[in-house]
Amino acid sequence: MTVSFAPDVEKPRLPTTWAKENDELYCLACRRDMAGEAGLESVADDAPDQTRLKVRSQARIEFEIKRDPDRQDNEIAKACGSSTVAVRKARARLGGEPGGSV
C-alpha cells in the first residue's frame, strides 16, 4: 500500500491503526495478514488447506483481540470475516471474558 501526503504537510500523523515495525510502516489490513501468516509458522507445510485456513483465521482474531481487547466480539468478527463464536473461542483461549478485555 502506498500513502502520500500533500506537499505542504510538514509532519503528517499516521492513522492510529498503523504501526511501525523494523522501520517499516504497516496498515491494519497488512498487520492482520501478517498475524495470520505468523500463525502458520507452527503448522506443517503439508497440512491440509482447511487446517491452514483455520489457523490463519484464529491468528487474525487473536491479533485483533490483543490489539483492542475492549472491542465487541461482533465487531472483531466482522473485521476478520469470521463468526462471533470464533471470536468468543479465541478470547477464551487467551483467558479473557467474552465481549470484554483480555
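These values consider heavy atoms only, across backbone and side chains, with no hydrogens, waters or symmetry-generated copies.
The same ILVMFWY cluster, assembled from side-chain heavy atoms under 4.5 Å apart, contains both Val87 and Leu94.
One finds the CG atom of Asp68 at 10.0 Å from the OG1 atom of Thr16 (value rounded to the nearest 0.5 Å).
Annotation: side chain of Lys78 is not in contact with side chain of Asn74 (no heavy-atom distance under 4.5 Å). Side-chain contact between Asp33 and Phe63 is absent, with no heavy-atom pair separated by less than 4.5 Å.
Nearest heavy-atom pair, Ile61 versus Ser82, reported as atom, atom and distance to 0.1 Å: CD1-OG, 3.3 Å. Closest approach of Ala79 and Arg60 over heavy atoms only: O-NH2, 4.3 Å. For the residue pair Arg91 and Ile65, the shortest heavy atom distance occurs at N-CD1, 3.6 Å. Contact detail for Ala59 and Gly39: the closest heavy-atom pair is CB-CA, 3.8 Å. Of all non-hydrogen atoms in Leu40 and Arg52, the two that sit nearest each other are CD2-O, 3.4 Å. Listed here is the closest heavy atom pair of Met34 and Tyr26: SD-CD2, 3.5 Å.
Residue pairs meeting the side chain to side chain donor-acceptor pair (under 3.5 Å) criterion with at least one partner in residues 38-48, sequence neighbours excluded, are absent.
A search for side-chain contact (heavy atoms from CB on, under 4.5 Å) contacts involving Leu53 returns Gln50, Arg56, not counting sequence neighbours. Here Lys89 pairs with Val85, Arg93 under the side-chain contact (heavy atoms from CB on, under 4.5 Å) rule; sequence neighbours left out.
A salt bridge links Glu64 with Arg67: the closest approach of a Lys/Arg side-chain nitrogen to an acidic carboxylate oxygen falls below 4.0 angstrom.
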